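Let me begin by presenting the structure, written as structure tokens, before commenting on it.
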Amino acid sequence: MRTSEYYEVIKKEYMDRTPISRLAFEKAKKYLAGGETRTVSYYSPYPLTIESGKGTTIIDVDGNRYYDFINNYTSLIHGHANEKITHAIINAAERGTAVPAGIEEQVKLAELLAMRVPCVDTVRFCNSGTEATLFATRAAKVFTEKNGIVKIFGGYHGTTDMMEYNVSPASVDYDDPANNLIPKPDIRGVSNKIASEMYVIPFNDCQTATEVITENHDDIAAVIVEPFLGAGGVIPAKKEFLQTLRDLCNKYGCILIYDEVQALRLSEGGAQKLYGVIPDIAAFGKIIGGGLPVGALGGRRDIMDVFNATGISPVTQSGTFNGNRATMAAGYATLMQYKQADCDRLEKLGIMLKDNIDAAFAKSGIDGCATRAGSLLNYHFIKGEPNNYLEVTKEDKSLCKIMHLEMLKRGFFIAPRGLIALSTPMTEEIIGDFTSAFADSLEVIAGLL
Ligand SMILES: Cc1ncc(COP(=O)(O)O)c(C=O)c1O
């Protein structure tokens with residue numbers, strides 16, 4: 001059977017197993033544009049409707065149970081409905097979730113970030129990682145009095161116009177890879193007028209970074225980079241690459257911004273502490289909200305002071321729910337249960353899972369591997385580990401789609417693109433179960449090739 005035929009078979013099995021989810025999606029289509037409200041969560045034939053989650057497990061409306069290996073796209077470091085976080089949220093709700101004034105919980109969470117994360121002197125909260133990267137780049141523009149932003153090809157930093165450039169274009173050029181670096185919006189509706197302010201470089205490519213930044217430094221306010229390319233395939237940065245960016249930013253008066261929205265989970269002090277290459281500002285999100293909407297930026301006091309309301313010409317950074325009590329309390333309860341020993345334990349599980357996935361690929365005879373950054377992984381149906389986004393795009397997406405449905409069938413909820421995010425309640429046993437399911441799924445795929 002060909003892969004396209006088999007996909008129809010496994011899709012039918014999915015539909016037979018999830019009739020109530022199917023009906024729920026039909027109803028949702030009446031009131032939600034497209035039947036859902038978050039592009040990344042959609043997959044064909046329809047996404048599951050989830051009834052509840054506890055710890056490592058979620059249950060759909062048909063009663064199927066899954067180990068959750070996405071954890072809301074990396075944001076639930078302690079899995080679902082962690083008791084201390086739940087209590088913190090209830091307690092906050094009882095005292096009023098939001099006020100247009102200061103609350104102590106904001107200072108507590110900011111202090112914790114400042115104590116742990118090397119670049120952080122001061123913090124501003126917002127409501128999403130998207131806002132965090134927006135405000136970080138804005139602070140850099142004001143501070144440097146320049147406008148240009150350097151980003152990475154395949155780097156995802158949220159959904160502002162600027163950040164929707166060269167993330168995952170519909171087509172890429174393998175013959176002349178330089179064409180992939182011409183700044184272009186990926187999606188309709190994003191302004192192409194800001195192309196002149198954008199510079200795009202490939203991940204882990206010191207030479208191109210040096211050339212682009214050296215040539216354009218008069219215009220460049222900031223370089224924004226994730227210390228591992230997350231949505232672009234969980235590809236760790238080479239230390240040399242981050243150091244090159246650091247040195248160039250020092251030399252030319254540009255601001256180095258790390259997007260630690262996903263990377264903070266890599267160590268108590270984020271990826272920057274792990275690498276020992278410290279940015280000027282970092283953007284945060286995901287785990288620091290304990291499962292509630294959140295974003296934050298933190299960094300050098302002098303740069304962050306562009307937002308200081310008592311300054312000469314302060315930059316406004318408003319948001320009705322910035323630093324609301326529920327999010328602050330949930331975030332604090334989360335981080336207080338996520339210390340270095342917890343990061344280390346999760347890292348060990350991550351290493352174990354990567355080794356197991358690599359071994360399963362080798363045994364199956366299919367070209368493939370897992371890439372890993374701490375407790376985040378991505379499997380790829382390609383030969384050898386990718387070093388940048390262009391290499392990731394060479395993968396056969398139809399195999400990913402089959403793997404996704406095969407894993408759901410076996411009770412493992414993963415991202416269709418192969419992203420895996422571990423959580424602290426996971427054990428070696430659960431990693432072992434995932435591995436068996438993965439190996440069995442590969443065996444099915446091997447039979448199709
Ligand atoms: C690295 C990175 N930056 C920014 C964002 C945007 O965060 P949010 O979805 O909270 O706007 C994400 C979201 O996945 C992300 O992974």
Side-chain angles (χ1 to χ4, degrees), residues 36-42 70-77 117 124-140 149-168 186-187 190 203 222-237 242 256-266 270-272 274-275 279 281-299 317 319 321-324 327-328 330-331 334 371 373-378 388-389 392 414-422:
E36 42 87 29
T37 190
R38 190 176 176 193
T39 302
V40 76
S41 339
Y42 177 79
I70 312 181
N71 283 294
N72 196 30
Y73 279 82
T74 82
S75 56
L76 304 178
I77 194 73
V117 185
R124 298 283 294 205
F125 289 107
C126 46
N127 299 295
S128 65
T130 295
E131 290 175 40
T133 59
L134 168 71
F135 289 123
T137 50
R138 189 172 291 169
I149 299 293
V150 180
K151 80 177 285 289
I152 306 293
F153 177 48
Y156 179 69
H157 305 288
T159 52
T160 55
D161 275 14
M162 242 185 337
M163 295 306 154
E164 291 283 14
Y165 270 62
N166 304 60
V167 182
S168 50
D186 286 346
I187 55 175
V190 171
F203 197 56
V223 178
I224 182 163
V225 62
E226 234 187 322
F228 66 91
L229 200 55
V234 186
I235 303 170
L242 296 179
L256 181 60
I257 302 171
Y258 280 1
D259 182 339
E260 295 239 25
V261 168
Q262 289 196 26
L264 185 68
R265 63 156 58 207
L266 263 54
Q272 55 191 268
L274 206 64
Y275 277 97
I281 318 180
F284 305 105
K286 308 250 187 203
I287 70 167
I288 68 159
L292 297 183
V294 75
L297 60 155
Q317 186 261 327
F321 291 102
N322 285 3
N324 72 80
T327 298
M328 297 295 101
T334 299
T371 47
S375 51
L376 301 179
L377 296 93
N378 209 127
N388 58 41
Y389 180 62
V392 168
I414 50 174
R417 65 172 186 251
L419 173 70
I420 294 166
L422 306 183

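Both counts, for ligands and for their atoms, begin at 1 and track the order of listing. All heavy atoms count here, side chains included; hydrogens, waters and symmetry mates do not. Keep in mind it's a predicted model, so treat the numbers as computed, not measured.
For the pair E131 (side chain) and V294 (backbone), a donor-acceptor distance under 3.5 Å is absent. Panel note: side chain R265, backbone G374; no donor-acceptor pair is recorded below 3.5 Å. Under a 3.5 Å cut-off, the side chain of T371 and the backbone N or O of I235 do not form any donor-acceptor pair. Side-chain atoms of D186 come within 3.5 Å of backbone N or O of S168 as a donor-acceptor pair. Judged purely by atom type and a 3.5 angstrom limit, K286 has no side-chain atom pairing as donor or acceptor with the backbone of I77.
Ordered by chain and residue number, the residues placing a heavy atom less than 4.0 Å from ligand 1 are S128, G129, T130, Y156, H157, G158, E226, D259, V261, Q262, K286.
Separating the NZ atom in K151 from the CD1 atom in I257 is a distance of 12.5 Å, to the nearest 0.5 Å.
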